[in-house]
2 protein chains.
Amino acid sequence: MNRKAELKRQQIIKAAYQAVSDKGYEAVTLQDIADYANVSKGVPNYYFQNKEDVLAHLLAQITERIYEKEKEAVEKETSAESMLQAYINTVFVSAEENEKFYRVYLDFLAQATKNNRYREINERFYQNCASISKQILMQGAKEKTFVVNDFETAGRAIRTMIDGYMIQWMMTGDHSQHRAYKQACYQAITSYLS
Amino acid sequence: MNRKAELKRQQIIKAAYQAVSDKGYEAVTLQDIADYANVSKGVPNYYFQNKEDVLAHLLAQITERIYEKEKEAVEKETSAESMLQAYINTVFVSAEENEKFYRVYLDFLAQATKNNRYREINERFYQNCASISKQILMQGAKEKTFVVNDFETAGRAIRTMIDGYMIQWMMTGDHSQHRAYKQACYQAITSYLS
DNA sequence: TTAGTTTAATTGACCAGTCAGAATAATTTC
DNA sequence: GAAATTATTCTGACTGGTCAATTAAACTAA
């Protein structure tokens, strides 16, 4: 019952993810989302308040999932360096997944400047990312692997470089450069932290 | 004659800039652009092929102007450190101008993943930025102020951090943090280069 | 049967681009 | 230098199309 409804909602969110990735945030229609989910046009409106509601759930879900993956990967490691490496590896999973995610995420970031709901969801994501960075940095400080004055500042710097490199990679439109950007990102961060 | 037409085109591009900043890339209509320019609906279509053409000219113009300002500011300086400082100062001009520019620019970046014309214009902008970074880094290497292995890599890293910090600042929605983000950006770059 | 779910049809709104004709500016002619 | 002619620019109604959201009808499974 409620379980089945939850599955349906998942189905719609997943379809919305694919649809936004293919067509872009604004271009996407409820019809598209319904088509990708193999349901009729009315269904998304039945399970969600409106189009924005579907998309807000989508943003919340993809950022939450990314965070959980990152957290899990980092917590498996023990040394600061391997934690950082695991973090970067999880962020730069693969060209295909990264392109899909950042196409959608970038669209939401652009919207977030005018939409408080998206901004809040993203704010939570940033804070989650900051908590991961802090974990890595504290380990690094303990080991004396990294030189850290202020955890807050350094944590922000890490996410800055990740997002910055990812966007630049996106703009090249060249999947084969994925590995190179990942390494450049890792080196920029370690260079910053030493 | 041709001069007058050019003024009119400028008027429309300027109006489009304001309109996109206020309403967002996709939400903006030709009617909005006409309204902001105080002309009737047909005028943008008279001076440009279509809506996308107006917006492509807008992107080309704002990126070109930013580049020219940055270049001019950097070339006034002589030491690597002051060049870098001048660069950052020009990027982080003021909260108001930065918000306006990045609101629009971020919208275009999101579009660029699906629009080759925008991607190419942005690519040119990236290359222009890279040439500025290179100028600073070469001076830094000569002075031995900065440690640089690869100009290409370091140049990209600089722009990465600038864009990353600017986006994070945008997401805070807090104008009063502008100065803090500027300094954080400067410190991250110098820290990376030493 | 009936509550939950899905489909199909409808409504009302919006928009890009077109175009015919109006208005204005430039040029020519006498 | 005024009138006539031509070129340029502007206007806004109109077209064809799209869309979100609503509604009512149909289906389904307990």
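Chain letters run A, B, ... following the sequence lines, proteins first, then strands; residues in each count from 1.
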Expressed as a whole number of angstroms, how long is the span from [X]:[atom1] to [N]:[atom2]?
X      : N       : atom1 : atom2 : value
E26(A) : dC19(D) : CD    : P     : 13 Å
N45(B) : dT15(D) : CG    : C1'   : 14 Å
Q49(B) : dG17(C) : CD    : P     : 10 Å
F48(A) : dT22(D) : CZ    : P     : 16 Å
K41(B) : dA20(C) : NZ    : P     : 16 Å

Return no unless some side-chain N or O of Y46(B) is found under 4.0 Å from OP1 or OP2 of dT9(D).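 Yes, because at least one side-chain N or O of Y46(B) sits under 4.0 Å from OP1 or OP2 of dT9(D).
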Are OP1 or OP2 of dT6(C) and a side-chain N or O of Y47(A) less than 4.0 angstrom apart?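 Result: yes.
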According to the interplanar angle, ranging from 0 to 90°, do the rings of F101(A) and Y105(A) count as parallel (below 30°), tilted (30 to 60°) or perpendicular (above 60°)?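 Answer is parallel, since the angle falls under 30°.
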Mind listing the closest non-hydrogen atom pair of G24(A) and K114(B) along with its distance?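 Taking every non-hydrogen atom into account, CA-NZ, 3.4 Å.
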What nucleotide among dA20(D), dT7(C), dG12(D) has an atom nearest to a side-chain atom of V39(A)?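 Ranking dA20(D), dT7(C), dG12(D) by closest atom to the V39(A) side chain puts dT7(C) first.
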Which nucleotide sits closest to the side chain of K51(A): dC10(D), dA20(D), dT7(C)?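 Of the options given, the side chain of K51(A) lies nearest dA20(D).
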Any Lys/Arg nitrogen of E64(A) or K71(A) sitting under 4.0 Å from an Asp/Glu carboxylate oxygen of the other?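 Between K71(A) and E64(A) there is no salt bridge, as every charged N stays at least 4.0 Å from the carboxylate O atoms.
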Report which part of the nucleic acid V28(B) touches: base, sugar-phosphate, or nothing (heavy-atom distance under 4.0 Å, all strands).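 The answer is sugar-phosphate, as V28(B) gets under 4.0 Å only of primed atoms, P, OP1 or OP2.
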